[in-house]
Amino acid sequence: MNEGVTVAAEPPRFDFRQAEPRWQRAWAERRCFRVADVPTGNKPKYYVLEMFPYPSGNIHIGHMRNYVMGDVVARYKRARGYTVMHPMGWDAFGLPAENAARERGIHPAKWTWDNIAAMRAELQRIGLSLEWEREFATCDPAYYGHQQKLFLDFWRAGLAERKESWVNWDPVDGTVLANEQVIDGRGWRSGAVVEKKQLSQWFLKITDYAQELLDALATLDRWPERVRVMQANWIGRSEGARLNFSLAQPEGAIDQVEVYTTRPDTLFGMSFLALAPEHPLSAALAARDPKAAEFIAECRRMGTSEATIETAEKRGYDTGLRVRHPFMDAAFPVWIANFVLMEYGTGAIFGCPAHDQRDLDFARKYGLSVLPVVLPPGAEAVSFTIGDDAYVGPGTIINSDFLNNADVETGKRLVIRELEQRHIGRGEVNWRLRDWGVSRQRGWGCPIPMIHCGACGVVPVPDDQLPVKLPDDARFDRPGNPLDHHPTWKHVACPQCGGPASRETDTFDTFVDSSWYFARFCSPHADVPVERKAVDHWLPVDQYIGGIEHAILHLLYSRFFVRAMKRTGHLNVEEPFAGLFTQGMVTHESYRSAPGPNGIWLYPDEVVKQPDGGAVHRSTGDQVVVGRVEAMSKSKRNTVAPEPIIARYGADTARWFIMSDNPPDRDMEWTEAGVAGASRFVQRVFRLLENLPDGPDDGTSDAARALRRISHRTVAAVTEALEGFAFNVAVARLYELANAIGDAERAGQASGLTAARREAVELLARLMAPMTPHLAEEMYSRMHPGATALVADLPWPDADPDLLAAETVTIAVQVMGKLRGTIAVPPDTSRDETLAAAKVEANVARALRGKRIVKEIYVPNRIVNFVIAG
RNA sequence: GCGCGAGUGGCGAAAUGGUAACCGCAGGGGUCUCAAAAACCCCCGGAGGAAACUCCUUGCCGGUUCGAGUCCGGCCUCGCGCACCA
């Protein structure tokens, strides 16, 4: 850099280093983005929200892409006359804070608040139109106290309950692990073999709303289809039957086994009954049969990890018990099987190997009978047999007594009717969705506001004693739950009897924190969880933007919370997020010092690209291996931080590149060349302003009208693109306008373009404003010296309809569907005139010569097509 | 296995059933400069041709249509999600 040496020769530059902070201050001082909790006036509201970040310490490019998209929408909608709420906060509870505490002895609160301060400053340098007055962090008692109140209201409404459930237990860390924290049957951090353990946990009864959550997906017409499909799959509705089998010999007090099936029509093809290892009958057997106990213990050691279950071979243990068939004079063996899930249905199944692949695999392994009872269309009953594949398609029922000759669907109905008449079963809808276990044995989370009293049982913390605050002096330097082993925190008097009692030491799953924050934003300082008038006005969120990774859990839990809050009178909307947009990831090339495992990963900063496409190390000059473009990750060191980019190029350049590269729902590749290109463009736009001529308005020439036409078409095109989230298309149209202004600039003063150029440059700046807000303010203020208006407060430009209409249209002329030429005609030229003009176009005429026209297609202002013969 | 989405120049991509490849990135050539950077101009899907222009080209095969990247059917590949849910 030779700054200072060649200053005089430097072209005028947009000095973002001083301009960007200046305009950020101007927006803040003018409180441009401030809105009331309950606005007056008749402007329509628009609530833009990006998924709030976990305060890990730094804003990364993925965050930035998320927030810039939201900011473009927010700024655009503001200009379109909406009162826009655009808040920001922090999803501030979570494990990394505890890990930092454990590893470095910093209290999670300090670690978290320090990170928030740093990240807030980073966000502010991006120039987002955020309303910081609404900011909060979920780790603040002023937030989580209200969450405790919500939970207690849910509990009183019967939406929360305590029940036993099987969990992944890490015996070393002394905590419950989520399924994704179990890797190859071991705890992700301790490496200890994970056990299945039954614990008493708090649950929110999301299953009460399973049907509604499923049905209402149809109303979410501004959600991506795939998210709705993923949620529908997750909810997993199935129709079937529940029925009882009598044991031939009672086992202790148990004389029946209840089974759930979606294929009651295959009941006559039964060959065995299988129990989950955790089934009560399995447990009863284990008490007297050591081999059964051993088998169950083996299954338990495999953990509940889904991946483990998937890859595990089907295995079973023949208990020697037998059950009687409800409709046949026959008995079938009872097995304990590792593939039967206690959590789904009744924890027991009847096996019909001919028509279920899992049952078939199991039957073949243990030599159990396989009797087909559904005959595929066109097959012969005498010759039809089952090979390695179960038959699961439609067909005619055979070998099934009163069901014979019915089709599958009729058969299901007939069996259910029969079961109900005999009082041994009934039709039932079942769900894959389970109740939401919210208890976590963590010290850095929202305390569950319950008290356990030896005399009174579970007692809620009275509302006037909320919030239940975390202790300031919790210790994180040993395993287990810090709240549990805190010397005093949990010991309280029972609110009911006054006797000694202890607090619930579990804290909420952090998904609880993020399930209602969007509602809290509407009245962030209220002394109730949400102010009714505020949420009635602002909810639902009009545009929610975030990563696809939250397609199921966060969004489904939030949808549940809104329903639960509605039932408990906190709000009155059907859905939290009317519009959802899922943005793609940011990716980058990865670099290694050498091919294969010997190479160590290098940061992009350490690598210099060569003109030949290769790359070398910045300091050593050694060859660098350029690897795949992939999601940024710390382990591959292919991360890029926004801060240095903003310092070097400015926030507007980074914002412009982020929006220009590709459609926002796809992954974008971050490249140095791309940022540099965006920077050149930002500077070029600024120069268009610097080069504007002075002088009287003279916008009457043809050239001036042509430029004005382009300007106004750009207004229309950019508007349409932004409405449709096609930010990259908006950017392309703005490049075209800038190119057109550049052409006009070269055409010079002689063409009488002064006014048209001024108009074009101003429109360019204002249309770019959602993407490059600082540049827009800087240019606008220079074009209007002394004006006090900010672009942030200006309405969106309107396109002049007269200028949108084309003066001439270019019509493509095809012969037999192949382009043979184009003609220019005035808009709406008649069919006859257009066809006549088309026929005399030289190249078209040549193609038509000697041929007979059998058909003439004429689409006004678009195309002509001659169909010929001979 | 089931479900969803996507396949278009060297790359990111654009295209209400109507001129495929706008715009950008990279690359090449040029102007300016002692030189470079910056800036600006030109070229840039493939083949043929001096040119005019012609032919081919949106993963593959068919279909509908005057006309298909776009609609329909069947396949292939990649990505994502779910998955022993009875």
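Note that the coordinates shown come from a computational prediction; the quantities given were computed from them, not determined experimentally. Convention: sequence-line order gives letters A, B, ...; per-chain numbering from 1.
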Just checking [X]: base, sugar-phosphate only, or nothing, at a heavy-atom cut-off of under 4.0 Å?
| X | result |
| --- | --- |
| A:T671 | nothing |
| A:V854 | nothing |
| A:N662 | sugar-phosphate |
| A:V229 | sugar-phosphate |
| A:G677 | sugar-phosphate |
| A:N430 | nothing |

Test side chain to side chain donor-acceptor pair (under 3.5 Å) applied to A:D667 and A:T587, step by step: CA-CA 7 Å; A:D667 291 353; A:T587 63; over 6 Å; no
Any donor-acceptor N/O pair under 3.5 Å between [N] base and [X] side chain:
| X | N | answer |
| --- | --- | --- |
| A:R733 | B:C22 | yes |
| A:K314 | B:C84 | yes |
| A:R862 | B:U16 | yes |
| A:N233 | B:C82 | no |

Base paired to B:G1 (Watson-Crick or G-U; both N/O distances under 3.5 angstrom): B:C82
CA sep, side-chain torsions, deciding dist, call: A:F681, A:Y735, ring-ring contact (aromatic ring centres under 6.0 Å, His included): CA-CA 8 Å; A:F681 181 70; A:Y735 265 101; 4.0 Å; yes
Expressed in whole Å, how much space separates the [atom1] atoms belonging to [N] and [M]?
| N | M | atom1 | answer |
| --- | --- | --- | --- |
| B:A35 | B:C53 | C1' | 44 Å |
| B:U65 | B:A14 | P | 31 Å |
| B:C84 | B:A20 | C1' | 48 Å |

Anti/syn call for B:G10, syn if |chi| within 90°: anti
From CH2 (A:W431) to OG (A:S238), nearest 0.5 Å: 9.0 Å
Any residue meeting side chain to side chain contact (heavy atoms under 4.5 Å, CB included) with A:A654, in chain and number order, not counting sequence neighbours: A:M64, A:I645
Distance test, side-chain N/O of A:R820 to OP1/OP2 of B:U54, below 4.0 Å: yes
